Amino acid sequence: LTPFLAAAGSLLLQQSQSLAEEITPPSPPVTSPPPKVVVEDALVSARIYDATAIGEPLAVGKDKSKVWEKLMNARIVYLGEAEQVPIRDDKELELEIVKNLKNRCVENQRPLALALEAFPSDLQNQLDQFMAKRIDGEGLKSFVSHWSAQRWQEYEPILKYCCDNEVRLVACGTPLKILRTVQAEGIRGLSKAERKAYAPPAGSGFISGFSSISRRSTMENHFPTQSIPFGPSSYLSAQARVVDEYNMSQIILKEVSDGGATSLLVVVTGANHVQFGSRGTGVPARISKKIQKKNQVAILLNPERQYIRREGDVPVADFLWYSAARPCSRNCFDRAEIARVMNAAGRQRDALPQDLQKGLDLGLVSPEVLQNFFDLEQYPLISELTHRFQGFRERLLADPKFLHRLAIEEAISITTTLLAQYERRKENFFEELDYVITDTARGIVVDFFTVWLPAPTISFLSNADGADNVDAIKGLLGSIPDNAFQKNLAGKDWNISHRLASVLVGGLKLASVGFISSIGAVASSNILYAVRKIFNPELVSNQQVKRSPILKTALVYGGFLGTSANLRYQIIAGIVEHRISDEFSSQIFLVNMLSFFVRTINSYWGTQQWVDLARFSGLQTRKTEQPSYLTSDSPNPAALECGAAEEANIDEFKNQ
């Protein structure tokens, strides 16, 4: 009864929505367009945490205006990227942040500059030539020949953007010759001129923090298991860091001074240099005498760990900034927004399903998903489905129109199957009603699973539960998308391997459904024929009965569902009803018509493929090869043939 309940629920939902639209008076048109800044916020689809909060870092909600306001009020914005294991997502985040800041600086008529530690300061002239377009990207690449090809590919987009949009590029790294000399011999290995240019003078404040670096660095306090090159307590490594930060701080101060009182400087450097730490360590703390900390904003990009800040502790940074595709296992959404949604709905946590409760405890449930759940509860039948059946809940939260898709598919299946059955059986339709019900039931079950399995889901149990036996399998299946074209969810990073795995797993599931349903349908038909023979032996007394090849039919039909049907429904669920329909989500009628049109074409094309496969495999004979047991003297040929041949003929009629 589940498909019929789903179809009825979909119809009731549509009628309720249309009735509500008729009763609700039209709202006055909004004349003022949304601010441009809000539109730009969508460009940076990331998770941001406030690291200055006491306790666990607080996830910033959908409204990130305060974050951008703090960045625009600063003179220097540090972007600390991973140093030990470079992450490609860092470069994508850096580019999006720079784009957004550039747009805001244009509105406020502020100059913007980008300082890159990756470029040594002795390459400033080459960067200026690149900005003036006297050399191209290949020419600039020749000056960093020690870079790997992948590293250049990661930096090339942001360099090109800065060149095209007049964002000044600043080389703030220490020259490689100086850095390698200090790492090998210490500051004493530098010449007098080099020491004067790159080493901090006595009494500058850099040397005072030198011993604390060698004994217990800020990195050791917050990341005790992560090592700094040449060892965290290495004497030469500490000297190299002092020289590097001194050189970087001098270039930053000069650039801020030359840029004027309204300039904004974005500094891209390693996370070790960005962290505030104790006074005297880290670039922000070292230059705080000349530029107050309130005018400096430090952002850590995709940090591996989050730490609880205690009262009196100096925060590691102002913000922790994650790309949307980075895995998230805890505290992914703004708990304050979630509390507001709960209060507005007048609901308590204990009244929610168990998986939602666990997701709320871990911060994995977004305010939008929670609001969708409360909206679905307004309809009694749908509310019953979402509370009692986890599968329905997971699919309706990911796609509120899931019942519409299911109702459309079942309507097409039932209508075409009954018409085909009537055309096939003619005047024997009601006499053979048991066979009709058997074939129709199999079609309903198969079509239900072809919509059910590739539909996108939102599940919280794979993250909340432990990894024991069955839970480990659930976690493995939960790590891949439900279909190959599903959009990345928050905290999910699906690559091409995950998407190919979803095709294989989906194919195995549908093949299993086809195998089991085919055996059940053919076996049920044969059982019904035997029962009919017992109660009405005269009906088949003079007939030669051909038993359907149950195993062969099941194998062929299972293989057909696992390959052709799986790929077709993956495309429908992933591209048509998940990506294209999302672009027109406000036009419900258009979306439903698109789904109906595509699914009708899919049904026709799929039936054509099944007929060809049935003929090729020998399950169905061609029209010119009519079998002897279907001759005109057989009073009830449909009752005798209840296997794959009949099913293929019925499918062929669907095409007509």
Side-chain angles (χ1 to χ4, degrees), residues 76 78 83 113-131 135 139-148 151 155 168-215 217-219 227-258 265 267-270 272-274 277 279-291:
I76 306 174
Y78 301 94
E83 295 177 293
L114 176 65
L116 300 171
E117 186 197 8
F119 285 88
S121 57
D122 54 0
L123 291 182
Q124 183 60 54
N125 184 40
Q126 285 75 12
L127 283 180
D128 293 340
Q129 293 182 31
F130 176 73
M131 289 294 299
I135 62 173
L140 181 62
K141 182 180 178 181
S142 63
F143 292 100
V144 288
S145 56
H146 59 284
W147 284 13
S148 63
R151 190 180 188 190
Y155 272 94
R168 172 172 164 74
L169 292 172
V170 180
C172 65
T174 304
L176 295 179
K177 177 185 176 182
I178 303 298
L179 197 58
R180 289 170 180 171
T181 300
V182 176
Q183 289 173 345
E185 305 175 25
I187 296 179
R188 294 181 180 180
L190 300 176
S191 65
K192 186 176 181 180
E194 291 173 340
R195 196 179 304 121
K196 182 179 179 180
Y198 299 105
S204 62
F206 279 78
I207 302 299
S208 62
F210 177 77
S211 59
S212 65
I213 297 176
S214 60
R215 291 195 309 266
S217 64
T218 307
M219 174 61 72
S227 62
I228 302 176
F230 304 95
S233 59
S234 169
Y235 185 74
L236 296 178
S237 177
Q239 292 188 59
R241 178 174 174 179
V242 167
V243 170
D244 198 17
E245 291 184 354
Y246 173 76
N247 183 59
M248 194 185 311
S249 63
Q250 297 306 301
I251 295 174
I252 291 173
L253 290 173
K254 182 179 182 302
E255 184 62 30
V256 171
S257 176
D258 295 343
L265 176 64
V267 181
V268 177
T269 181
N272 290 342
H273 304 302
V274 164
R279 186 171 182 81
T281 61
V283 175
R286 292 183 183 280
I287 65 176
S288 60
K289 290 183 179 180
K290 297 184 178 181
I291 299 179

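Everything quoted here is computed from the prediction, not taken from an experiment.
- Judged by distance alone, with hydrogens and angles left aside, the side-chain atoms of Asp244 form no donor-acceptor pair with the main-chain N or O of Gly173 at under 3.5 Å.
- Of the inter-residue distances, the one linking Leu176 atom CG with Leu123 atom CG reads 8.0 Å to the nearest 0.5 angstrom.
- When Leu265, Asp128, Asp258, Leu127 are each tested for a side chain to side chain contact (heavy atoms under 4.5 Å, CB included) with Arg168, only one passes: Asp128.
- Across all their heavy atoms, Ile251 and Cys172 have their closest contact at CD1-CA, 3.6 Å.
- Asn247 approaches Pro175 most closely through the heavy-atom pair ND2-CD, 4.3 Å.
- A heavy-atom distance below 4.5 Å is found between the side chains of Val256 and Ile291.
- Relative orientation of the Tyr155 and Phe119 rings is perpendicular, given thresholds of 30° and 60° on the angle between their planes.
- Two residues are said to be in side-chain contact when any heavy atoms from C-beta on lie closer than 4.5 Å; Val182 and Leu190 meet this criterion.
- Separating the OG atom in Ser191 from the CD1 atom in Ile178 is a distance of 6.5 Å, to the nearest 0.5 Å.
- In this structure, Ser288 contributes its side chain and Ala285 its backbone to a donor-acceptor pair below 3.5 Å.
- At distances below 3.5 Å, at least one donor-acceptor pair connects side-chain atoms of Gln124 with backbone N or O atoms of Ala171.
- Using a distance-only test at 3.5 Å, with no hydrogens or angles considered, no donor-acceptor pair links the side chain of Gln239 to the main chain of Gly186.
- Side-chain N or O atoms of Glu117 include none that pairs as donor or acceptor with a backbone N or O of Thr174 at under 3.5 Å.
- Side-chain atoms of Gln183 and Leu236, non-hydrogen and from C-beta on, never get closer than 4.5 Å to each other.
- A donor-acceptor pair under 3.5 Å is formed between the side chain of Thr181 and the backbone N or O of Lys177.
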